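In what follows, a structure is listed as structure tokens, so that the remarks can point back to it.
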Amino acid sequence: MIGNFAEWNIQNLCIRVAVSMILGGVIGLDRGMKHRGAGTKTITVVCLGATLVMLTEQYIQIHFPGLANMNRMAAQVISGVGFIGVGTIIVSRHRVRGLTTAATLWASACVGLAVGIGFVEGGVLVTVMMLLSLHILPRVEHFAARHSHYCNVFIDLEESRDLHPVVKELRDAGVVIDSMDMGESRAAGVGVSVHMVLYLKKTAGRTLVYDILMKSDKVMSVDFL
């Protein structure tokens with residue numbers, strides 16, 4: 001326990017607001033340097049706003065006993081920030097971007113709530129762990145993806161019947177099709193789009209899969225995830 005920041009006095013109020021601004025700024029700066037949708041200003045404002053909500057809750061509880069529900073306003077913040085986060089999510093072709101930014105916005109609001117009620121230690125600890133996760137986990141994920149035998153591939157075909165010879169060639173090359181989904185092509189506007197999860201044996205790599213797919217005249221595009 002660093003200190004009793006939950007006690008209601010001017011010193012603790014200033015500390016909570018300052019810590020909220022610092023933590024929100026640090027999280028936002030990390031996102032801003034990567035040129036993400038929500039940067040320093042956005043995340044700092046969200047964190048400070050969430051802090052003010054909890055300060056207001058405590059103020060009502062102290063000065064107007066019996067009128068405050070310490071969970072109600074916090075719950076509205078958590079659900080409300082979710083709508084802001086949705087605006088940062090972009091679906092481009094077969095990729096979804098902005099999920100991490102949306103999650104960061106939501107988490108920064110939670111940090112603001114914790115700091116606002118006086119749980120400064122929890123806010124600081126979660127902020128540190130968030131920054132570590134945002135920097136370390138992508139490297140771990142990249143390492144795991146490079147050594148994984150599974151890969152996701154999207155192909156756009158002119159007609160659904162063109163899929164059969166493509167699947168046959170993949171299987172003849174030793175590629176195992178783990179799962180396969182078919183839908184309307186978004187990239188070309190016509191034809192069909194096929195999503196396949198492939199299991200690549202040691203003798204088969206992405207280059208071989210790409211060569212097989214592009215060999216067919218019916219395959220309009222290939223996209224690996």
Side-chain angles (χ1 to χ4, degrees), residues 28 30-39 42-43 46 78-109 130 133-225:
D30 176 76
R31 305 305 294 166
M33 288 189 300
K34 298 177 181 178
H35 304 285
R36 303 307 185 195
T42 303
I43 293 183
V46 168
I78 292 175
S79 60
V81 172
F83 286 99
I84 300 177
V86 169
T88 66
I89 300 175
I90 300 174
V91 180
S92 176
R93 285 181 64 88
H94 307 297
R95 290 178 169 83
V96 179
R97 303 182 184 277
L99 284 174
T100 302
T101 299
T104 303
L105 272 171
W106 183 84
S108 65
M130 280 177 58
S133 299
L134 290 171
H135 283 273
I136 295 177
L137 291 183
R139 299 182 182 182
V140 175
E141 186 178 16
H142 180 68
F143 175 83
R146 287 183 59 187
H147 293 80
S148 174
H149 289 282
Y150 287 92
C151 75
N152 285 266
V153 60
F154 287 87
I155 60 173
D156 290 308
L157 302 169
E158 293 182 0
E159 298 179 0
S160 58
R161 62 183 180 182
D162 299 326
L163 178 61
H164 179 71
V166 173
V167 170
K168 184 177 184 303
E169 289 192 46
L170 287 173
R171 288 175 174 168
D172 291 342
V175 178
V176 178
I177 301 177
D178 185 73
S179 64
M180 182 168 53
D181 299 310
M182 182 183 299
E184 184 179 350
S185 177
R186 295 183 180 180
V190 294
V192 295
S193 179
V194 182
H195 170 221
M196 293 187 290
V197 178
L198 306 178
Y199 178 81
L200 308 178
K201 299 179 180 179
K202 293 183 179 180
T203 55
R206 292 196 176 194
T207 303
L208 175 62
V209 173
Y210 182 82
D211 292 339
I212 293 174
L213 295 176
M214 293 306 296
K215 187 188 302 181
S216 174
D217 297 334
K218 302 300 182 180
V219 176
M220 295 182 290
S221 66
V222 179
D223 188 15
F224 284 92
L225 292 184

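These numbers come from the heavy atoms of this one structure, side chains and all, not from hydrogens, waters or symmetry mates. Keep in mind that this is a model prediction, so the values were computed, not measured.
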Output for pair (Arg171 CZ, Glu169 CD), nearest 0.5 Å, gives 13.0 Å
Next on the checklist: Could you check whether any side-chain heavy atom of Met180 comes within less than 4.5 Å of a side-chain heavy atom of Leu163, counting everything from C-beta outward?
Outcome noted: yes
- Message: Just so I know, are the side chains of His135 and Asp30 near enough to count as touching, which here means a heavy-atom distance under 4.5 Å?
- Response: yes
Output for pair (Met130 CE, Leu134 CG), nearest 0.5 Å, gives 6.0 Å
Side chains of Met196 and Leu170: does their closest heavy-atom pair fall under 4.5 Å? yes
CG (Leu105) and OG1 (Thr100) are apart, to the nearest 0.5 Å, by 11.5 Å
*Going by the angle between their ring planes, with limits at 30° and 60°, are His195 and Phe154 parallel, tilted or perpendicular?*
parallel
With sequence neighbours left out, the residues meeting side-chain hydrogen bond (donor to acceptor under 3.5 Å, both in side chains) with His164 are none
Scanning both residues in full, the closest heavy-atom pair of Cys151 with Leu200 reads SG-CD1, 3.9 Å
Rounding to 0.5 Å, atoms OG1 (Thr101) and CD1 (Ile43) come to a distance of 7.5 Å
Side-chain contact test, heavy atoms from C-beta onward, threshold under 4.5 Å: evaluate it for Ile177 versus Leu198 and give yes or no. yes
What one should report as the nearest heavy-atom pair of Ser133 and Pro138 is O-CD, 3.4 Å
